[in-house]
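The block underneath contains the structure these notes are about, expressed in structure tokens.
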Amino acid sequence: MKAYRDQAGAHGDDPYNYFVARVALLENEDRILTALSAFFRLSICLLNRQAKEIPELAGEIEAVLLDIELRFPRDQGFNRQWLKEMRLTEEGSYTKKYL
């Protein structure tokens, strides 16, 4: 995946190397999808435990978000509603959004 990213980026290598990296990525598709699935399951587990393990995190996140909102124009900042919809700024069950 890293090789493909490096070859496909704005400063990617020549076209031949791009296709070599792309073919290698596609040849490992099953392994990559399995690894991504395991990563998502771990992420969900950690997110669901986050409020209990780090109760002060929500307040800290809100403080950082407010600071960003005050420093950057609305169109250059972030989408707070999206963060809430993804449940990144409040506690709850993350399974519905990520599985």
Side-chain angles (χ1 to χ4, degrees):
M1 286 176 60
K2 181 183 179 309
Y4 178 72
R5 182 209 62 201
D6 292 346
Q7 302 308 324
H11 302 288
D13 210 334
D14 63 63
Y16 175 79
N17 288 335
Y18 163 80
F19 283 102
V20 168
R22 184 174 185 270
V23 167
L25 179 73
L26 295 174
E27 287 175 346
N28 292 299
E29 180 179 13
D30 289 341
R31 285 182 49 218
I32 292 168
L33 292 176
T34 299
L36 286 172
S37 179
F39 174 76
F40 287 141
R41 286 192 308 274
L42 175 61
S43 297
I44 290 166
C45 177
L46 294 174
L47 287 169
N48 281 325
R49 293 180 182 195
Q50 178 174 288
K52 181 180 176 188
E53 298 294 328
I54 316 171
E56 68 277 5
L57 183 62
E60 293 295 324
I61 289 173
E62 286 297 325
V64 170
L65 295 179
L66 180 59
D67 187 45
I68 291 170
E69 285 177 323
L70 294 173
R71 289 180 184 219
F72 295 97
R74 186 162 182 80
D75 61 338
Q76 294 178 7
F78 61 92
N79 184 335
R80 182 182 280 269
Q81 185 59 37
W82 179 83
L83 292 172
K84 287 185 178 187
E85 288 172 9
M86 293 294 108
R87 298 183 180 187
L88 298 175
T89 59
E90 58 189 41
E91 16 177 321
S93 171
Y94 297 90
T95 305
K96 292 179 185 174
K97 290 292 179 183
Y98 296 104
L99 285 182

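By convention here, the first residue in the shown sequence is residue 1.
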Check: Asp30 main-chain N/O paired with Thr34 side-chain donor or acceptor under 3.5 Å: yes
Polar side-chain atom of Asp67 near backbone of Ala63 as donor-acceptor pair, under 3.5 Å: no
Hydrophobic cluster membership, Leu36 vs Leu46, 4.5 Å side-chain cutoff: no
Joint cluster assignment, Phe19 & Ile32, ILVMFWY side-chain distance < 4.5 Å: yes
From CA spacing to verdict: side chain to side chain contact (heavy atoms under 4.5 Å, CB included), Glu27, Leu25: CA-CA 5 Å; Glu27 287 175 346; Leu25 179 73; over 6 Å; no
Spacing of Ser37 atom OG and Leu42 atom CG [to the nearest 0.5 Å]: 11.5 Å
